[in-house]
Asks: 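The structure under discussion is supplied below as structure tokens; questions concerning it will follow.
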Amino acid sequence: MNTTIRIKLSVMMFLEFFIWGAWFVTLGTFLGSNLKASGSETAAIFSTQSWGAIIAPFIIGLIADRYFNAEKILGILHLAGAFLMYQMYQSTDVGMFYVYVLSYMVLYMPTLALVNSVAFNQMRDAEKEFANIRVWGTIGWILAGLSISFFFHWDSAEAVSNGLLKNTFLLAGIAALVLGLLSFTLPKTPPKVSEGKIRIGDIIGLDALKLLKDKNFLIFFISSILICIPLAFYYQNAHPFLTAAGVENPTGKMAIGQISEALFLLLIPVFFARFGFKKTILVGMLAWAIRYVLFAYGNGGDLSFMLITGIALHGICYDFFFVSGQIYTNSKAGEKYKSAAQGLITLATYGIGMLIGFAVAGWITDNYKTVEGTVNWLMVWIIPAGIAFAVFLIFALLFQEKNKLANEI
């Protein structure tokens, strides 16, 4: 891969995740402060991510993989996304905002697979080269958060009360416009499938359902869905909670989670080799429970270190469960079902699991409010902590590890 292509792919990854990080992190606070959305309305809007994840395989499988170059579809989707971001920026009605954000997520979620396809198509040794390209996506997400807090100051208490968080959509829209135009200059990535009968089972990974006959994989599959319930609480409530707690520069401080994610990703091979899959994934589950207990009893004053520690645990929470789970799934599927199995797990987690999680998080937020109308954050965090610990116990008691999978790293 020559230097020019490497730079283009790195910028592509940077912008892809800069866009997401520029608006999604602050979305919960924006909905409550600008649009006066209820918990259930906020849950419905966050769940558009899940609907996008469910629909994305059809866009990729029915269109991108069969008829058009990936880089061209990527460009078209991001240009359309830039238009929708501008509509979200102008929106003052929660009903219309839902229409815009649903439309956007249906277009954006397929781009996550498309940028990978464009990158992989240029690599001779993906295992060695991909991480160096993908890390720019994490950097993009981090810089989006830092710019909102420390450059634009849109998440300060005064700015939030003045409605300035809507500018995050304008920022994301500009980045989407740039990426949309840049995409047409990316290396050509032709369709992978040119003929043959289209099978829905192949597109959404239904062939991998055969793996559920294995008791251990079934337990892992169910646990993956259940652990997404507490995960949804973090996505939906973390920023509004930190803002309400009086934490300064909450968006920038939430970027600590992405820094942690990048660092702990490097430790997964070490944990696998020393402790095996089961213990590694249990550490990830337990970290969710600990994080929410810290959120429940911390505050924005003398106990603010508890909130920062909870944010920093994101790397363990996410990497040790989801990345470890992808490796485990890959090892169980075999060559024939690898793609189908990964698709099935993605559908189960970001599709089914997160849909349930956002609905539960919205219901809890609406039903645990004080007489003054403020959110009872103690209960909002203790409940997902309990759910995460229950999943931890289920997995610890029922999953039987037969080998350490160290050779899969």
Side-chain angles (χ1 to χ4, degrees), residues 20 23-25 27-28 30-32 35 37-61 84 88 94-95 97-113 200-201 203-206 208-209 212 218-240 284-285 288 292 317-318 321-322 325-326 329 340-368 380-381 383-388 390-391 394-395:
W20 202 357
W23 70 279
F24 196 70
V25 174
L27 178 61
F30 167 81
L31 292 172
L35 302 186
S38 66
S40 59
E41 288 172 332
T42 299
I45 289 170
F46 269 92
S47 69
T48 59
Q49 174 187 264
S50 299
W51 290 117
I54 291 171
I55 295 171
F58 292 92
I59 295 178
I60 300 300
L84 289 169
M88 291 155 68
V94 69
F97 186 86
Y98 174 82
V99 173
Y100 295 138
V101 74
L102 175 61
S103 301
Y104 180 80
M105 278 302 196
V106 169
L107 297 180
Y108 178 80
M109 295 307 286
T111 68
L112 296 172
I200 300 301
I203 292 174
I204 61 176
L206 291 182
L209 286 174
L212 299 181
L218 177 62
I219 293 167
F220 164 71
F221 182 80
I222 294 172
S223 298
S224 297
I225 294 175
L226 294 177
I227 204 67
C228 282
I229 297 175
L231 171 61
F233 276 77
Y234 181 73
Y235 285 154
Q236 187 166 311
N237 290 322
H239 196 277
M285 291 178 176
W288 283 110
Y292 291 147
C317 294
Y318 188 87
F321 185 88
F322 286 95
Q326 290 166 0
T329 300
Q342 295 293 347
L344 181 65
I345 289 298
T346 299
L347 182 67
T349 53
Y350 281 95
I352 299 170
M354 294 291 278
L355 273 178
I356 297 171
F358 286 131
V360 172
W363 186 85
I364 295 297
T365 303
D366 275 341
N367 284 274
Y368 283 96
V380 167
W381 295 123
I383 290 172
I387 296 172
V391 179
I394 291 170
F395 194 82

Asks: Start with the C-alpha distance between Trp20 and Leu112, add both sets of side-chain angles, then the distance that settles side-chain contact (heavy atoms from CB on, under 4.5 Å), and finish with yes or no.
Replies: CA-CA 10 Å; Trp20 202 357; Leu112 296 172; 3.8 Å; yes
Asks: Taking C-beta and beyond as the side chain, do Ile227 and Phe395 meet within less than 4.5 Å on heavy atoms?
Replies: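 Not touching, per the 4.5 Å side-chain cut-off.
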Asks: Look up atom OG1 in Thr365 and atom CD1 in Ile383, then write down how far apart they are to the nearest 0.5 Å.
Replies: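 The OG1 atom of Thr365 sits 9.0 Å away from the CD1 atom of Ile383.
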Asks: Rounded to the nearest 0.5 Å, how far does CD of Glu41 lie from CG of Leu31?
Replies: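 The CG atom of Leu31 sits 9.0 Å away from the CD atom of Glu41.
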Asks: Look at the aromatic rings of Phe24 and Phe46 and report parallel, tilted or perpendicular, splitting at 30° and 60°.
Replies: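 Ring orientation, 0 to 90° scale: perpendicular.
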Asks: Has Tyr104 got a side-chain atom pairing as donor or acceptor with Met88's backbone, closer than 3.5 angstrom?
Replies: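 Checked: no pair found.
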Asks: Taking all heavy atoms of Pro240 and all of Gly28, pick out the closest pair and write down the distance.
Replies: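 Between these two residues, the closest heavy atoms are CG-C, 3.5 Å.
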Asks: Specify the closest pair of heavy atoms between Ala43 and Gly362, including all atoms of both residues, with the distance to one decimal.
Replies: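 Nearest heavy atoms, Ala43 then Gly362: CB-CA, 3.8 Å.
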Asks: Which atom pair, heavy atoms only, marks the closest approach of Ser223 to Met285?
Replies: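 Reported closest heavy-atom pair: CB-CE, 3.9 Å.
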Asks: Could you state the interatomic distance from CG (Leu102) to CZ (Phe97), rounded to the nearest 0.5 Å?
Replies: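 One finds 11.5 Å between CG of Leu102 and CZ of Phe97.
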Asks: Please examine the side chains of Phe30 and Trp23, heavy atoms only from C-beta on, and report whether any two atoms are closer than 4.5 Å.
Replies: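 No, side chains not in contact.
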Asks: Between Ile45 and Val94, does a side-chain contact (heavy atoms from CB on, under 4.5 Å) hold up when you go through it step by step?
Replies: CA-CA 9 Å; Ile45 289 170; Val94 69; 3.8 Å; yes
Asks: Locate the shortest heavy-atom distance separating Ile364 from Phe233; write the atom from each residue and the value.
Replies: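 What the structure gives for the nearest pair is CG1-CZ, 3.9 Å.
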Asks: Could you tell me whether the side chain of Ser50 and the main chain of Tyr350 form a donor-acceptor pair under 3.5 Å?
Replies: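 Checking the backbone N and O of Tyr350 against the side chain of Ser50, a donor-acceptor pair under 3.5 Å is found.
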Asks: Do the non-hydrogen side-chain atoms of Phe220 and Ile345 ever get within less than 4.5 Å of each other?
Replies: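 Touching, per the 4.5 Å side-chain cut-off.
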Asks: Taking all atoms of both residues into account, what is the closest heavy-atom pair of Met105 and Thr48, and its distance?
Replies: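 Looks like CB-O, 3.4 Å.
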Asks: The test is side-chain contact (heavy atoms from CB on, under 4.5 Å); show your working for Trp363 and Val360 and say whether it passes.
Replies: CA-CA 5 Å; Trp363 186 85; Val360 172; 5.7 Å; no
Asks: CG of Leu226 to CD1 of Ile356: how many Å apart, nearest 0.5 Å?
Replies: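 Leu226 CG to Ile356 CD1: 7.5 Å, rounded to 0.5 Å.
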Asks: Going from OG1 on Thr42 to OH on Tyr98, what distance comes out if it is rounded to the nearest 0.5 angstrom?
Replies: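 Those atoms lie 13.0 Å apart.
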Asks: Could you give the distance from CH2 (Trp51) to CG (Leu355), rounded to the nearest 0.5 Å?
Replies: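 So the gap between those two atoms works out to 5.0 Å.
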Asks: Would you mind reporting whether Trp288 and Ile387 have side-chain heavy atoms less than 4.5 Å apart?
Replies: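 In short, these two side chains do not touch, never coming nearer than 4.5 Å.
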Asks: Would you call Phe321 and Cys228 a side-chain contact if the rule is heavy atoms closer than 4.5 Å?
Replies: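 No, every pair of side-chain atoms sits at 4.5 Å or beyond.
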